Student: 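Here it is, the structure in full.
Throughout, a chain's letter reflects where its sequence line sits, starting with A, and its residues are numbered from 1. Below, each value reflects all heavy atoms present in this structure, side chains not excepted, and no hydrogens, waters or symmetry copies. On a predicted model such as this, the values are computed, not experimentally measured, just so you know.
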Amino acid sequence: MWINPKLCVGCANCIPFCPVGAIAVGPSGVAVIDRDACVECANCYRSMSRENLPPWLVRTLRKAAQLLRLRPDPDLDICPTGAITPEPLEWPRVVRSLFSDPTSEHKVTGVAGRGTEEAKTNDVTGRTKEGEAGFTVELGRPGVGVTFAEIEDVTASLANLGISFEPKNPVTSLMEDPKTGRIRKDILQERILSAIVEFTVPLEQVPEVLRTVEEVSTRLQTVVSIGVYTRNARDGSNPLLGILHQLGYRPQRAKVNMGLGRPLAEGR
Amino acid sequence: MTNTLHRYGPRQEGDYIVFAIPARGINDAGCEDKLQAFLRLASRFNPVNMGNGKGGSLFRPERSLNPFTWFTKRRRHKVSPNRVIEEIKGPCTAAATFDSRDAVCAVLKAVKEADLGMSVNVSGPIEGTYNAAQEAGITPHSIEYSLEFHGRLDLLPEAPVLELITMCGHGMVSRHLARKVAFLVKEGRLTSEEAAIYLAKPCVCGAFNPAKAQVILEEMRHWW
């Protein structure tokens, strides 16, 4: 993302829209984006309304208001001159956009967003079966950000447990070797808003996986959100919840697949 | 829609997202009609937000504002549910957000009867979601639990701000914007309803719950 200095009037409206605080008004009086901090989520461009006014007019009005000691009270989500401009991104910087802009569609998943369909279509795909647990380990959320080097720390630790990463997941697609969890070196320093690591394990392995993720989390400079799902047993029971209770987790919120998708995986 | 899972805070009741999604390569051919039908059904039960995952939600910015719009206070912060529905042109996640369990139950009954064949999920408090499913005569297939946040929790913002920003799991509702509108509400320069709409706009999926945000922003008046 780029803010056109010829158009920007330094109103600073865009600053709070940046989830990672990468925008600031510089010494020249116009807003600039810190390219190292920017995760290319395009939120500043997408979420603000634009008036497309001539910059000279806005600057004159702002100066006049300053001279008169008036405090303008504009709507807070308007870029008066449309100065925020998307720019073409090249490799490896483009991965920032793929993992930060929710409207970007990954070629691997075909799904807009950072993960896959996981439990959402489990009734139709049968990805995670009875006796198994699917994990969605999200790094960088909410609004903290993460580098691929930190993601690799997690994936390499999980690979040591012998787990297989979900092949259609965008993070898996960037691994040099999914068996080791090592990620391509040319993107390790790229910073993104968040990424989801996905895999399925037998229910018995849930405690080991959770211990490992919790342990790795303590040495990361980011936040880790853990989601774990299972297919309910035919009798309605759910052995995963018992395991989570034993480990001291008391989940309050969940995403529940109602089983209304057709054709059902079990029937195909 | 893992983006709906990790919503922080004590106010889980009154915060449900119901969404329909096709499985890629299995039942996504011609799914747009079914996804549109799902949102049409959901829109009958007064959702507080809706989205199609690609075009945007009910609350969205205006691309080309007339400068006089601001003076005449005729800004349109919200589009019609029909526009969100008609923007569905292919496989996507069609979502509707509700502030009551009863509405979720009614939507589930209607969707079950319509037998659209899309996978339907409800993201919400576990007990309320299961009760709604039970009342609708549905036996849930799979469940994903939120085990919440780990690691550098000191990097997270203060609790009410965290509660606001986690309503957009993609992280598009910035903590800085949440703090800014909270101050403006306290200063009396925005109503909590207006502030909640400003926060809802960056969330393209329609998962942000402006009704819940309004309650939080009202409470934040007394917070500083």
Student: With only heavy atoms counted, which part of B:T139 is less than 4.5 Å from chain A, the side chain, the backbone, both or neither?
Tutor: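 Contact with chain A involves the backbone of B:T139 alone.
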Student: Might you point out which heavy atoms bring B:R175 and A:G143 nearest each other, and give the distance in Å?
Tutor: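 Reported closest heavy-atom pair: NH2-O, 3.6 Å.
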Student: Can you tell me how far apart CZ (B:R24) and NZ (A:K168) are? Round to the nearest 0.5 Å.
Tutor: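 Nearest 0.5 Å value for the CZ-NZ distance: 9.0 Å.
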Student: Can you see which heavy atom on A:V256 is nearest to which on B:P140, and at what distance?
Tutor: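 Between these two residues, the closest heavy atoms are CG1-CB, 3.4 Å.
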Student: Please examine the side chains of B:N27 and A:R262, heavy atoms only from C-beta on, and report whether any two atoms are closer than 4.5 Å.
Tutor: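 Counting from C-beta outward, A:R262 and B:N27 never come under 4.5 Å.
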Student: Measure the CG-CG distance between B:L116 and A:L260 for me, rounded to the nearest 0.5 Å.
Tutor: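 Reported to 0.5 Å precision, the distance equals 9.0 Å.
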Student: Just checking, is any N or O donor in the side chain of B:S142 or A:N257 under 3.5 Å from an acceptor N or O on the other one?
Tutor: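 The criterion, which ignores hydrogens and geometry beyond distance, is not satisfied for A:N257 and B:S142.
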Student: For B:L156 and A:V223, what are the C-alpha separation, side-chain angles and deciding distance, and is it a side-chain contact (heavy atoms from CB on, under 4.5 Å)?
Tutor: CA-CA 8 Å; B:L156 294 172; A:V223 176; 3.9 Å; yes
Student: Taking all non-hydrogen atoms of both residues, which atom of A:L193 and which atom of B:G171 are closest, and how far apart?
Tutor: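 Smallest interatomic distance, heavy atoms only, reads CD2-O, 3.9 Å.
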Student: Write down the atom of A:P251, the atom of B:S146, and the distance for their closest heavy-atom approach.
Tutor: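 It is CB-O, 3.7 Å.
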Student: Mind listing the closest non-hydrogen atom pair of A:K255 and B:T4 along with its distance?
Tutor: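 It is CD-OG1, 4.2 Å.
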Student: Any side-chain heavy atom of A:D77 sitting closer than 4.5 Å to one from B:L177?
Tutor: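 The answer is no; the side chains never approach within 4.5 Å.
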Student: Please flag which part of A:M258 lies under 4.5 Å from any non-hydrogen atom of chain B: side chain, backbone, both or neither.
Tutor: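 Interface part for A:M258: both.
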Student: Select one option (side chain, backbone, both, neither) describing which atoms of B:R63 are under 4.5 Å from chain A's heavy atoms.
Tutor: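 Both parts, backbone and side chain.
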Student: Working to the nearest 0.5 angstrom, can you tell me the gap between A:L241 CG and B:Y145 OH?
Tutor: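 Separation between the atoms: 4.0 Å.
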Student: Rounded to the nearest 0.5 Å, what separates atom CG in B:L5 from atom CZ in A:R141?
Tutor: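 Reported value, rounded in 0.5 Å steps: 7.0 Å.
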Student: When you compare the side chains of A:S49 and B:R75, does any donor N or O come within less than 3.5 Å of an acceptor on the partner?
Tutor: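 Judged by distance alone, the side chains do pair up.
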Student: Any side-chain heavy-atom pair from B:L147 and A:L244 closer than 4.5 angstrom?
Tutor: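 The answer is yes, as the side chains (C-beta and beyond) meet within the 4.5 Å cut-off.
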Student: How close do A:P16 and B:S174 get, heavy atom to heavy atom, and via which atoms?
Tutor: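 Heavy atoms only, the tightest pair is O-OG, 2.6 Å.
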Student: Between A:T121 and B:P22, is there a side-chain heavy-atom distance shorter than 4.5 Å?
Tutor: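 They are not in side-chain contact.
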Student: B:D15 versus chain A, heavy atoms under 4.5 Å apart: side chain, backbone, both or neither?
Tutor: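 Both backbone and side chain.
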Student: Any chance you could measure A:L139, atom CG, to B:H150, atom NE2, to the nearest 0.5 Å?
Tutor: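 NE2 of B:H150 is found 11.5 Å from CG of A:L139.
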Student: Does the pair B:E144 and A:T136 meet the rule for a side chain to side chain donor-acceptor pair (under 3.5 Å), with working shown?
Tutor: CA-CA 9 Å; B:E144 178 168 7; A:T136 54; 2.5 Å; yes
Student: Could you tell me which of B:L162, B:V122, B:T166, B:L155 has the largest number of non-hydrogen atom pairs under 4.5 Å with chain A?
Tutor: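 Ranked by heavy-atom pairs under 4.5 Å with chain A, first place is B:V122.
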Student: Evaluate the criterion side-chain contact (heavy atoms from CB on, under 4.5 Å) for residue pair B:S119 and A:K120; output intermediate values, then yes/no.
Tutor: CA-CA 7 Å; B:S119 295; A:K120 301 184 285 265; 5.9 Å; no
Student: Report which part of B:L184 has an atom under 4.5 Å of a heavy atom belonging to chain A: side chain, backbone, both, or neither.
Tutor: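 Side chain of B:L184 only, per the 4.5 Å heavy-atom cut-off to chain A.
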Student: For B:V204, which atoms come within 4.5 Å of any heavy atom of chain A: side chain, backbone, both, or neither?
Tutor: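 The side chain, not the backbone.
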Student: Quick one: of A:G259, A:G261, A:S194, A:A254, who has the most non-hydrogen atom pairs under 4.5 Å with chain B?
Tutor: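 Among the listed options, the one with the most contacts to chain B is A:A254.
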Student: Can you tell me how far apart CG (A:L240) and CD1 (B:I143) are? Round to the nearest 0.5 Å.
Tutor: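 Here the rounded value is 8.5 Å.
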